[in-house]
Amino acid sequence: MRENERKRHSFTPKMSDLQAPLRPKRKKGLVDFLVQFRWVFVIFFVLPFSALYYFLIYLGDVRSEMKSYKQRQKEHDENVKKVVKRLKQRNPKKDGLVCTARKPWIAVGMRNVDYKRARHYEVDLSAFRNILEIDKERMIARVEPLVNMGQITRVTVPMNLSLAVVAELDDLTVGGLINGYGIEGSSHIYGLFSDTVVAYEIVLADGRVVRATKDNEYSDLFYAIPWSQGTLGFLVAAEIKLIPVKEYMRLTYTPVVGNLQDLAQGYMDSFAPRDGDQDNPEKVPDFVEGMVYSPTEGVFMIGRYASKEEAKKKGNKINNVGWWFKPWFYQHAQTALKKGEFVEYIPTREYYHRHTRCLYWEGKLILPFGDQWWFRFLLGWLMPPKVSLLKATQGESIRNYYHEMHVIQDMLVPLYKVGDALEWVHHEMEIYPIWLCPHRLFKLPVKTMVYPEPGFEQHHRQGDTPYAQMFTDVGVYYAPGPVLRGEVFDGAEAVRKMEQWLIKNHSFQPQYAVSELNEKDFWRMFDADLYEHVRRKYGAVGTFMSVYYKSKKGRKTEKEVQEAEQAHLETAYAEAD
């Protein structure tokens, strides 16, 4: 049956899929030389300091885990009081807008934190990095915002528990995944990371500390927090849904060959039953992931939790992908194109963080020989380089080069438009591999910044249910084909075109990435009504900067900040599509 399925998708690619514009050759300069040989600096400086940094963070995490829950809660309460005190010390007439004291280069996202170059009032949240409680009865993890994915899986997985959505990279923090955007291969069941949050503990602009849930007096705040980029208040704790898990992931790798529309259909069929039975666990896997390696080849993976006893049965293959000398995961998955469909068992925590060591495939650009067996064996244990250290040491010219000659973007598109998105990326950027990960967008009692297409449930499309529309993250991370060939490429213009395509197709751009949107188009992509209502209701206007301003590309001046905030006091951009 699987063989017939592969043959069904093996068609001759259409020429329209493969045509990309011809571009003239680009003249190279000094910055090209610096980027080409940056690996020297990475090996002798970034990797050793990254390893030391990770080790120190690990020791801090272990120290935190040794404390009693009562002690952690006491420290949490004291730190919250410090935040409240600091906020109340601010003089709105003299001090700038409020933001965290975190240095700009520490953020994992690629967006420049240029808003901190204007005058601002800092509040230190660096102490909020503890797991406060694992409540097995309520199946809730109560954590502080700087807890990262590696830290929490190290605690929960040995208990056979896990967050419902675990973002792949170790360094991604709870606060970033809530205030921004977070996804994983289980999001086709549970939605985005923020959809798994049960309650937020927020310090408001006036110093009040509130607990927001979907059904208490702060429900409007609860629904407005996701995607708000920390512009409604300071998140100091979150209660997040836990699920039971098993020791291993049974992973099936299925190759599909055809044109880009065929690959998209093969991807949809891997997890979305054509009969619409999307809530049937017998038909829908626990995890889904796709990688498109070229305009004609892709590998789609489905995972199901498996017990230790099942994994160790005679004949079953166990693959410890987390070992430092193992092939990088995306290259390992690519072998299915040659050897056909295969199944293996991966320890659950190692599966969660399968892309950490090579940063998806960005590691190939950072260290061109990093995937070679000799490097993996000798220095693979130092991987990955700390993203924050890479950013801190790149300088202005290299940073601008990456913005123009390199793409790190996610396109959140309705599932039925994935094929169109793949064709658009090929035509405008020619970037491979492309990452595919499905997620639900739920119908909520209120309209949030991101929302399903109106009336989607009437179309009964593949993957949709009456209560949620299925979307897919089309992850575009690498140097575009024209750049690799030495041709002219305008990165800013490519992103502008991408953003207009997203607006036209009711799709969304996570704001961790570099954005070229003006304010009018920003609020065409996202819905402003609830966000602006909550900003006014809870006094965020005039205290915290707006989400657009925080996401806007380029340097900001204090005058620009004040004018932008004044505009929000008077009116907000909100254009009906």
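Since this is a predicted model, take the numbers as computed values, not measurements.
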Does a donor on one side chain and an acceptor on the other come within less than 3.5 Å for His439 and Asp195?
-> no

Does Arg354 make a cation-pi contact with Tyr351 (under 6.0 Å, within 45 degrees of the axis)?
-> yes

Aromatic rings Tyr253 and Phe342: how do their planes relate, parallel, tilted or perpendicular, breaks at 30° and 60°?
-> parallel

After noting the C-alpha distance and the side-chain angles of Trp435 and Asp473, does the key distance pass the side-chain contact (heavy atoms from CB on, under 4.5 Å) rule?
-> CA-CA 8 Å; Trp435 188 61; Asp473 182 341; 3.8 Å; yes

Are Thr356 and Glu168 linked by a side-chain donor-acceptor pair shorter than 3.5 Å?
-> no

Hey, does the Lys NZ or Arg CZ of Arg376 hover above the aromatic six-ring of Phe325, less than 6.0 Å from the centre and inside 45° of the axis?
-> no

Closest approach of Ser551 and Gln229, non-hydrogen atoms and distance?
-> OG-CG, 4.3 Å

Would you say Lys339 has more than 12 foreign heavy atoms packed within less than 6.0 Å of its NZ?
-> yes

With distance as the sole criterion, is a donor-acceptor pair present between the side chains of Gln331 and Asp371 under 3.5 Å?
-> yes

Take the angle between the ring planes of Tyr512 and Tyr181 and call it parallel below 30°, perpendicular above 60°, tilted in between.
-> parallel

Do the two ring centres, one from Phe37 and one from Phe41, sit under 6.0 Å apart?
-> no

Heavy-atom neighbours of Tyr54 OH exceed 12 at 6.0 Å | yes

Whether over 12 other heavy atoms sit under 6.0 Å from Trp374 CH2 = yes

